Structures are given as C-alpha cells and as structure tokens.
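Structure record follows, encoded as structure tokens.
Naming: A, B, ... by sequence-line order, numbering from 1 per chain. Nothing here was measured: the structure is a model prediction, and the numbers come from that model.
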Amino acid sequence: MEEKEKSDFIRDIINDDLKTNKFQRRVHTRFPPEPNGYLHIGHAKSICLNAGIAKDFQGKFNLRFDDTNPSKEEQEYVDSIIEDVKWLGGNFEDRLFYASDYFEQMYNFAVTLIKKGKAFVCDLNADEMRLTRGTLTEPGKESPYRNRSAEENLDLFARMKNGEYSNGTKTLRAKIDMMSPNINLRDPVMYRIVHDEHHRQGNTWCVYPTYDWAHGIEDSIEKITHSICTLEFENHRPLYDWYLNELEVYHPQQIEFARLNLSFTVLSKRKLLKLVEEKHVTGWDDPRMPTIAGFRRRGYTSASIINFCDMIGVAKRDSTIDVSLLEYSIREDLNKHSQRAMAVLNPLKLVLTNYPEGKTEDCHAVNNPEDEASGTRSVPFSRELFIDQDDFKEVPPPKYYRLSPGMEVRLKYAYIIKCESVVKDDQGNVIEVHCTYDPDTKSGMAGANRKVKATVHWISAAHAKDVEVRLYDRLFVKENPDETEEGKDFLSNLNSGSLQILKNCKVEPMLANAEAGQGFQFERTGYFSVDPKDSANGTPVFNRVVTLKDTWAKIEQKYR
RNA sequence: UGUCGUGUCGUCCAAUGGCAGGACAGCGCCCUUUGGAGGCGUUAAUCUAGGUUCGAAUCCUGGCACGACAGCCA
C-alpha cells in the first residue's frame, strides 16, 4: 500500500543525523514504561512514534521496563504492558529489557563517579534536603556532607547497598552545582535507600537508582540513538547529558515532544488508578477507560488507534485533541470492515395486520455495502416484528420522517408499510403499532422502487434473539474534567450516564454466534463489539463502541 | 519572579525567507433501501510592538500569554 511519508520535527532531526552520520546511520528507539499502571492512549502515541520511527528508518525498537521503584511496581502491569505494546504493533522482537537488569552496572558507574569526586553520600533527610535546595528564584546551599573523601563515600555507599541504613537516612548525590538556575542540577539524588521487595530482584538491593541517574545509562547500554520522551523532561536533559558526559560512555540524544491530552478524558496514571480503586469503573479494562485494554475491550481496533496516532501528529506545544477525532478514526475503520446487522435496542411490537399468520419468508440483507465481497445473508421476516421505539412517534415532531399514524416507511430489505392504528396500555403508552404492508414492494420487486422518506430496521419477533447491550458514553461530562468547582476534584465531572445496560434487546439470529471481540454495525444505530469477558457461548453481550454519526439528533436539537 | 520551552482556523497538524494548506468539528447542498457511508461547496487562523529584507508565520529585539521544574516519583 502506498503511504505518504510521515514528517515531524523528530523525523527531521533523525534525517539530519543520518546525513551527518551522527550515529553511524543507525536508528534505535525505545519505549520505557514504568510498570505501575496500565497503558493508556497517551502511551499509544509514544509507542506509535517510537516503533513507527524504527520501522520507517529500518531501525530497531526496544521495550524496556523502567522498574527502578520497587514500592509501586507489579508483575500484573508488566504483563498488561507487553500485551498492549504488541497489540499496537510495537515490534520489539527479542529486545524486551528491564532497567533492573542493569542495577549492577549502574552501581559500578556510581562508584566511578564517586572516585572522580563527582558524587557523595549525603546524610540530609528529605526535609533537610528540601530546605537546602533553594527555590525557583533563590540558589540552594551546599550539603555539609558534600566534601567527604572518596574513600569515605565509597565505604558509606557500599554500606548503604548492604542494607546497613534505614530508608531515608542517606542518599548518594551527584556533585554538580547548588547555584544552578536549573533545580535539577542542584546536587540531585542518584540513589535512595529502599528496603522493599522488587518484583524481579527480590531483596537483592537496598539502594535504588533515581530516574535521572538510571535513564541515560539504560539508553546508553542499549545503544539507543534517539531517546524520545515527553516535555516535562526537557529541564532534565542537562542532567541526562551531564551524567553521560561524566561517565564518558555512549551518548544518545534526548528529544522531547508534547504528551497527548484528550478532551472529555483524564490521562494520568494517578487519576486512572483512583477511578479503578474507588470503583467508579469496573477495572483497568472497563470499556469507558482510556486505557489500551479499555479501548480494546470496548471494540476499538488497533488499526484505528494507530491511525489516530498518525493523524494527531507530533509537536512540542501543549495541546488537547478533540475526542471526536478518535471517534472518527474508529468509525472509519469499522465502516469499511464491519459486518452489518439489524438489532432493536428498545423493542416496540409491530403487527402487520394484512400479513398471513404463521408465514415466514427470507429477506436478503447486504453484509457490508462498503465491501461487495462480503456478500449477503438472509433474515427471517414474519407478521409480528419489533422495531425501535425511536422509530415511532404518535405525534411526530417537525422533520420526523419515520413511522407515525398514517405514515409510510420501508422496512429495510423487506416491504413498505403504513401505520394504521396503535394499541395502548392503561397509562396511555403505545405498546403495539398496527400496520398494513404493501405486498408489491418487497426489496427486489418492481414495486419496491417507490420512494418513501425513511427506512427502518426490524427483527421478526418469532426469530429474535434476546441479548444484553451496554451503551457506553464518555466518562466525563466536561471537556476538561480537571476544571472543577472550588474544593472538588475531577470525580465531580464524572458522567452518571456513561453506562446504560439494556437487557431486552432483539437481534438477528446470526448474532447468537458472534465471537468475542468481533465488531458489527447495528444498522442505523452504531458500532458494537462482543464483550470478551462477559459473553458466554451463544449468548453474546454487546458493547457499543461508538454511535453512528447522528444527523437526526442535530435536527431534533434545533427544533426543541 | 529564576531556568527551560511553546504561541497559526473552534481543535490538532503543515508551510524550513516566496500564493497560509490538510484533517477533525461546524454549516449548506447533492446522493442514498442506514437521517450511515459517499460527493460537492463553505465558514474560519499566523499573540503583540518594532526591526532586517524586494519579500517574514518563518530571522532579530522587546513585550504579553501559556506550560514544565523546588519527590529520596517517573
């Protein structure tokens, strides 16, 4: 397939580096998640960027777990991340790495810096360190422990490693510049003491490297060429460079880009974790979650997410993508590729009074008008049917051209019918619609050419399969969920109608055999996918992925 | 009020000193056995003040606005 060559400021840099032979014409990227949560759509942007660049430049792409903090990290997250990266097409081949595998090397590098007089063991506690760090506008004060001898530092650091000290009592710090206007350079901590079990190292280590110290070394060891990260690390780049320069080792180039923000969505691990822990959703893979696992379960295809990441581009300015672009992307994919089906979500009984009782006939339905090769199927038709409640109005509003007393519509793939009367219950609700059908207007017949304003989907009552359908909507009611009243947090913007469960839906018989994860378009309604967790054999549960674009909803709004 | 970074249609992204263009959203029309899809059209932007230049969104200077940074998180 022909593809337009992608272009962005990062690829421009890489192209320049290729010309100047900066990295011997190599391109090697990485995705370095911390396994402390599930991946979300923002990570998808990073994965697509890094893996995409490697692919486009015939380079390599690593998956590396930045597991330098044992107190927050778990194997469950490691497993989910591997699955998600693969699902998004991130091809790391056999290059699955863990920062924790480099702990020994990092330790030795730290010893090197100590010997160079560029690092020292500091006895200041966290509070004292904060007090001496200075502020954004004032310089910091040097630690009283800053000038310990290399021998003393080496001894102390070894004892830190051996577990002789308790958490927080000592740190190893780089000796840089307490006067630096960049706070990250004010003698930053390289190692802290943590007596905690690591998910892979167990209790081997009592000291753990901080991000800044560890990250450049990880990149250097793996011979990464372009270390792509998000904007908040821009101020850390001088430190990244300082460590690598002092160590005199292979030195990748860090490049920062703007992380993804999505309207009507939160994308911070802290907030997502809160949604899960406080059970505002059913889990990390709740179909309303902006996690990769959530989107997958909802019925988003990986192709649609990859395509979305291409469309949003890469730049350095903060931005918030309109969630409608994501919806566009999944509609585009599912429109082209999903099997059509008829499904009545809110059933209303419809009786064809002049249709023979007991008769059944087949109607030929197109499987996908966008794809001729997908063929047709037959759908049973009979005297008693269900239509959607939305498709009948006793008193039609302006511009409403579906069924109402005296009006005609076409039953898709079947006959033109006319509404003759209604049956009501004690409260005056319409519980049945009585219609006559025109026998000369079945699809395919000459008489079928007559123009009617609307076409309506239906299910034969006798053949209907009952299923559960879950209607999902955006999780938040506000474009920016963090915009709240004084004293409230983002949870106050949760959409109470984000999940509506419909238990009495009527669908075509063939949908009983739908497979987990399979996506359908329910005609005139939206795209739906078989929930992989809650469906049983023969009784699928359908998740609404996204509605169809609804022009009628807009007209209705206008006339209200 | 320190350092670093960023300011282009409603929203994203382009234009790399030479006609400000694309996508989504919106609006209008056409088409349609999905009020879907599709087609056509359309609205709409260079933060600001100077400067350099034949010519500036782009280069320079000064404002202004926004973002990130004062974890032993990443």
Side-chain angles (χ1 to χ4, degrees), chain A residues 7-9 12 32-34 36 66 68-69 71-72 122 124-126 129-131 133-140 167-173 180-186 188-194 207-208 210-212 214-215 229-238 256 258 263 269-270 311-329 331-332 335-336 340 342 365-366 369-370 399-402 409-414 416 441 443 448-449 451-457 479 521-527 547-556:
Chain A
S7 167
D8 54 61
F9 80 99
D12 289 347
E34 183 191 12
N36 67 345
D66 210 352
T68 56
N69 185 352
S71 51
K72 292 163 65 179
C122 184
L124 258 29
N125 65 33
M129 207 179 287
R130 179 165 42 77
L131 258 21
R133 185 157 28 230
T135 67
L136 295 177
T137 51
E138 298 163 288
N167 289 1
T169 54
K170 282 181 167 50
T171 56
L172 182 74
R173 292 225 258 168
S180 174
N182 181 344
I183 292 180
N184 295 311
L185 262 23
R186 317 237 262 234
V189 170
M190 296 165 62
Y191 277 94
R192 72 279 209 189
I193 298 170
V194 182
V207 290
Y208 286 88
T210 55
Y211 169 86
D212 286 309
H215 207 84
C229 61
T230 45
L231 246 31
E232 67 267 30
F233 295 105
E234 208 156 21
N235 296 337
H236 294 242
R237 182 163 16 102
E256 311 86 12
S263 61
K269 279 191 193 169
R270 207 202 92 240
M311 286 194 295
I312 60 177
V314 184
K316 291 195 73 161
R317 72 187 84 118
D318 289 306
S319 61
T320 301
I321 305 289
D322 194 327
V323 73
S324 66
L325 191 60
L326 217 209
E327 294 173 348
Y328 167 81
S329 184
R331 283 197 188 103
E332 191 187 37
N335 176 51
K336 286 191 185 114
R340 310 290 128 122
M342 291 200 280
V366 174
E370 306 292 319
K399 298 274 181 191
Y400 184 85
Y401 17 92
R402 280 113 98 164
V409 297
R410 183 191 306 278
L411 293 177
K412 180 132 184 154
Y413 302 127
I416 293 174
T441 57
S443 292
N449 289 332
K451 296 281 179 212
V452 283
K453 270 285 205 181
T455 299
V456 159
H457 60 277
E479 187 168 327
Q521 186 198 96
F522 290 176
E523 300 240 18
R524 306 206 308 128
T525 305
Y527 295 99
T547 61
L548 246 27
K549 216 156 77 174
D550 192 350
T551 311
W552 164 245
K554 279 177 203 156
I555 299 169
E556 205 177 20

When you compare the protein's N or O atoms with those of nucleotides 72-74 of chain B, which come within less than 3.5 Å of each other, and at what distance?
residue, atom, partner, partner atom, Å
B:C72, OP1, A:Arg133, NH2, 3.3
B:C72, OP2, A:Arg133, NH1, 3.1
B:C72, N3, A:Gly168, O, 3.4
B:C72, N4, A:Leu124, O, 2.7
B:C72, N4, A:Ala126, N, 3.2
B:C72, N4, A:Gly168, O, 2.9
B:C73, OP2, A:Arg192, NE, 3.0
B:C73, OP2, A:Arg192, NH2, 2.9
B:C73, O3', A:Arg192, NH2, 3.1
B:C73, O2', A:Asn69, ND2, 3.3
B:C73, O2', A:Lys72, NZ, 2.9
B:A74, OP1, A:Thr68, OG1, 2.8
B:A74, OP1, A:Arg192, NH1, 3.2
B:A74, OP1, A:Arg192, NH2, 2.9
B:A74, OP2, A:Tyr211, N, 2.9
B:A74, O3', A:Asp66, OD2, 3.0
B:A74, N6, A:His236, NE2, 3.4

Show each protein N/O and nucleotides 6-8 of chain B N/O combination with a separation under 3.5 Å, one pair to a line.
residue, atom, partner, partner atom, Å
B:U8, O4, A:Arg317, NH1, 3.4

Original post:
Once each nucleotide of nucleotides 28-38 of chain B is scored for protein heavy atoms under 4.0 Å, what B/S/- sequence comes out, 5' to 3'?
Top reply: S----BBBBS-

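Qualifying salt bridge (Lys or Arg N to Asp or Glu O under 4.0 Å) partners for A:Asp8, counting only residues two or more places apart in sequence or in other chains: A:Arg11. Remark: A:Glu234 engages A:Lys316 in a salt bridge (Lys or Arg N to Asp or Glu O under 4.0 Å) (not counting sequence neighbours). The side chain to side chain contact (heavy atoms under 4.5 Å, CB included) check on A:Ser263 picks up A:Thr320, A:Asp322, A:Val323, A:Glu479, with sequence neighbours excluded. For the side chain to side chain contact (heavy atoms under 4.5 Å, CB included) test, residues two or more places apart in sequence or in another chain that qualify with A:Phe233 are A:Tyr211, A:Cys229, A:Thr230, A:His236, A:Gln254. Residues satisfying the side chain to side chain contact (heavy atoms under 4.5 Å, CB included) criterion with A:Ser319, sequence neighbours excluded, are absent altogether. With sequence neighbours left out, the salt bridge (Lys or Arg N to Asp or Glu O under 4.0 Å) criterion links A:Arg192 to no other residue. Under the side chain to side chain contact (heavy atoms under 4.5 Å, CB included) criterion, A:Thr135 pairs with A:Thr137, A:Glu138, not counting sequence neighbours. The ring pair (Phe, Tyr, Trp, His ring centres under 6.0 Å) check on A:Tyr527 picks up nothing, with sequence neighbours excluded.
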Original post:
Pairs counted as Watson-Crick or G-U wobble with both distances under 3.5 Å: what dot-bracket string results for RNA chain B, using | for bases tied to another strand?
Top reply: .((((((..((((....[..)))).(((((.......)))))....(((((..]....))))))))))).....

